[in-house]
Amino acid sequence: MAREFQRGHKAKISDLTPGTDLYVGVQIAAPGLTFDISCFGLDANEQLSDDRYFIFFNQPKSPEESIQLLGAQSGDTESFRVTLDRIPAAIQKLSFTATLDGSGQMSQIGPGYIRIVAGGEEVVRYAFTGSEFTTERAVMLGDFYLKDVWRFAAVGQGFDGGLDALLKNFGGEVAEEEAPPAAAPAAAPGFAPPAQAAAPPAFGAPPAAQAPQPAPSFGAPPAPTPSPAPQQPMHAAPTIAAPLAPQTPQAPQAPSPYGQPHQPQQPHQPQQPQFGQVPGQGVPPAPPFGQQAPAPYGRPAPAPYGQQPPVGMPPGVPQGMPQGVPQGAPATGAGLQAALQPYKETATGQRWTPQNQQLMRVDLTMGGSGVLARQGSMVMYQGKVDFGYKSAGFVGRAVGNATGQEMQLMRCTGRGQVFLAEEGSHLHPIELQGDAICVSAESVLAFDESLQYEVRRVEGHGIPGGALFTMQFQGTGTVIVKTHGTPVVLPVTPTTFADCNAVVAWSAASQVIVSSQVRLRRNAYPGHSGETVNLQFRGAPGNFIVVQPYEV
């Protein structure tokens, strides 16, 4: 019986089948679209160092015929024959990809799969649908990779660029003009491929083309181009890249340091009000010669020259001010309102509104679903709001206790506004539009109930239990992520590493590998503060990680 894989699942080939002569079938279809399905033979650096191991329609086999393109058969759009024990030692990885030939997006495809057949029997299948992609035009479906033994991984990672961008990502060169397609290859060799299907699957032609989903607002590049990443951050949520403090009027240019020429102010720029002065007031006129200037608002007036303050009054307290009034306290309502004006509630007409860097407001009257928030995170609410305990169920509690990704949640419903915060952490709203993001449960403050969430495993070795865990959120809605300090968003490259205790979130399409080689240094130097476990991130352009300047 075939094993069903999900994206990110991995297994040894020897655990799936004892054979090494394998059939790989790919099924992908969409109305009006055509696809190029290829196999990249990569070296230890995941680069196409030998062009002869780029197997596609114009080069159907490798030199020693360990990788062969067989064509469409048995209901598969494309198929390959892979003989693992004949692959040369220089090839460490086989990446099976599908790219669009012409216009279109991967979000338009119907249900598809990549499968492995050994001896005529299907042993593993990874199924996918167009809902897992948005504007991508290429996708890496699955990998054979050599890690002491040959293994298989279900990838499901998209590229906004087409075949050219995929080729450049693997270090290949794109020719200016490509040769015409070669003739269809001969029939499959007799290594027991799957039996021929009587008819193609019924899902090959959906009744109507699926409308492409909008580009995700966090983590996706603005346009599907193969060019390098834009200058702006990889995500589109401005709260990650910039502080969330309320906007204040821009201050004029500060005076030059002592000994440097003074830079005059522009006439049209407003002058900075004095301490305690209501914004918008003009500068008081200069006093007559011989008289003292009045004190700024909220400060005591100095005593006349040569006189001492009255007996019983502390120095600096103006005459006429009653005892017990704090120095500098405004005496009128207008001054008090002016002092508190910068801290007034911010209302933007949106469901989620940052009040400052540490406080978030959610308007339950907007949107049709409730909000799930961490228990104890409510600091204030307005209106008629109901709070209820959100039970994870017996299975959810068991999974949370076993993985460390348990969240004690409360459900907020009704008509009103709820203000959320926790221990002064910086809060960042991340809006999802059908895409997905991985966030540690410790870094989640609240999220829309419409989002789907589950515990995902980051497989690895050299750490207790052999794995790490994270929460994956997917769908349409907003998740509030909390960080210690202002985080940084970095694009994922082949050499991106992060401390597992400092990374907050990453794009769900990124490939995460546990790296623990720094433990050698810690063992060699007792007392060294080196990290015991790091995470290595890999992915196509557009993937990202979010790291905070703090270790949990």
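Positions are given from 1 along the sequence.
- Looking only at side-chain heavy atoms (C-beta outward), F5 and K10 stay at 4.5 Å or farther from each other.
- A heavy-atom distance below 4.5 Å is found between the side chains of M410 and M378.
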Test log, rule side chain to side chain contact (heavy atoms under 4.5 Å, CB included), inputs Q375 and Y389: CA-CA 8 Å; Q375 291 187 16; Y389 173 69; 2.9 Å; yes
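- To the nearest 0.5 Å, atoms CZ (R351) and OG1 (T365) are separated by 8.5 Å.
- To the nearest 0.5 angstrom, Q157 atom CD is 11.0 Å from L141 atom CG.
- Side-chain contact of T483 with H428: a donor-acceptor pair under 3.5 Å is present, judged by distance alone.
- Side-chain contact between E4 and Y126 is absent, with no heavy-atom pair separated by less than 4.5 Å.
- Put simply, the side chain of S107 never gets that close to the backbone of T135: no donor and acceptor are under 3.5 Å apart.
- For the residue pair D448 and S369, no side-chain donor N or O sits within less than 3.5 Å of a side-chain acceptor on the partner.
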Step-by-step side chain to side chain contact (heavy atoms under 4.5 Å, CB included) determination, F537 to L490: CA-CA 11 Å; F537 295 86; L490 299 174; over 6 Å; no
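- Nearest heavy atoms, P541 versus N169: CD-OD1, 4.4 Å.
- Q27 approaches F128 most closely through the heavy-atom pair O-CZ, 3.9 Å.
- Listed here is the closest heavy atom pair of D363 and G416: OD1-O, 3.4 Å.
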S440 vs S443, side-chain hydrogen bond (donor to acceptor under 3.5 Å, both in side chains): CA-CA, chis, key distance, verdict: CA-CA 5 Å; S440 172; S443 301; 4.7 Å; no
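- Ion pairing between a basic and an acidic side chain is recognised when a charged N comes within 4.0 Å of a carboxylate O; D143 and K93 show such pairing.
- Minimum interatomic distance between L364 and V385 (heavy atoms only, all atoms of both residues): CD1-CG1, 3.7 Å.
- For the atom pair CD (Q536) and OG1 (T493), the distance works out to 9.0 Å, reported to the nearest 0.5 Å.
- Checked by atom type and distance alone, the side chain of S450 pairs as donor or acceptor with a backbone atom of T476 at under 3.5 Å.
- The six-membered or imidazole ring of W506 lies away from that of F544, with a centre-to-centre distance of 6.0 Å or more.
- By the 4.5 Å heavy-atom criterion applied to side chains, E442 and K482 are counted as neighbours.
- Residues F144 and I116 have side chains in contact (heavy-atom distance under 4.5 Å, counting atoms from C-beta outward).
- Side chain of Q355 to main chain of T346: a donor-acceptor pair is present (N/O by atom type, distance under 3.5 Å, no hydrogens or angles).
- For the 3.5 Å distance criterion, the side chains of S507 and S510 qualify, holding a donor opposite an acceptor.
- To the nearest 0.5 Å, the span separating CG on L372 from CD1 on I480 amounts to 12.5 Å.
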Step-by-step side chain to side chain contact (heavy atoms under 4.5 Å, CB included) determination, L445 to L427: CA-CA 8 Å; L445 179 72; L427 305 180; 3.7 Å; yes
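- Less than 6.0 angstrom separates the ring centroid of Y453 from the ring centroid of F447.
- Nearest heavy atoms, M140 versus V155: O-CB, 3.5 Å.
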Full working for side chain to side chain contact (heavy atoms under 4.5 Å, CB included) between T478 and L432: CA-CA 6 Å; T478 301; L432 301 180; over 6 Å; no
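- In terms of modelled atom types and a separation under 3.5 Å, the side chain of R361 and the main chain of P354 share no donor-acceptor contact.
- Put simply, the side chain of V455 reaches to within 4.5 Å of the side chain of M471, judged on heavy atoms.
- A distance of 7.5 Å separates CZ of F473 from CG of L451, quoted to the nearest 0.5 Å.
- S377 places no side-chain N or O within 3.5 Å of a backbone atom of E422 that could act as its donor or acceptor partner.
- Side-chain contact between R3 and R125 is absent, with no heavy atoms from C-beta onward closer than 4.5 Å.
- The backbone N or O of G156 sits less than 3.5 Å from a side-chain atom of R7, completing a donor-acceptor pair.
- For Y381 and F387, the ring centers are positioned less than 6.0 Å apart.
- The shortest distance between side-chain heavy atoms of W352 and E431 does not fall below 4.5 Å.
- Counting all heavy atoms, side chain and backbone alike, M106 lies closest to F133 at CB-CB, 3.8 Å.
- The structure places CD1 of I545 at 9.0 Å from CG of L535, a figure rounded to the nearest 0.5 Å.
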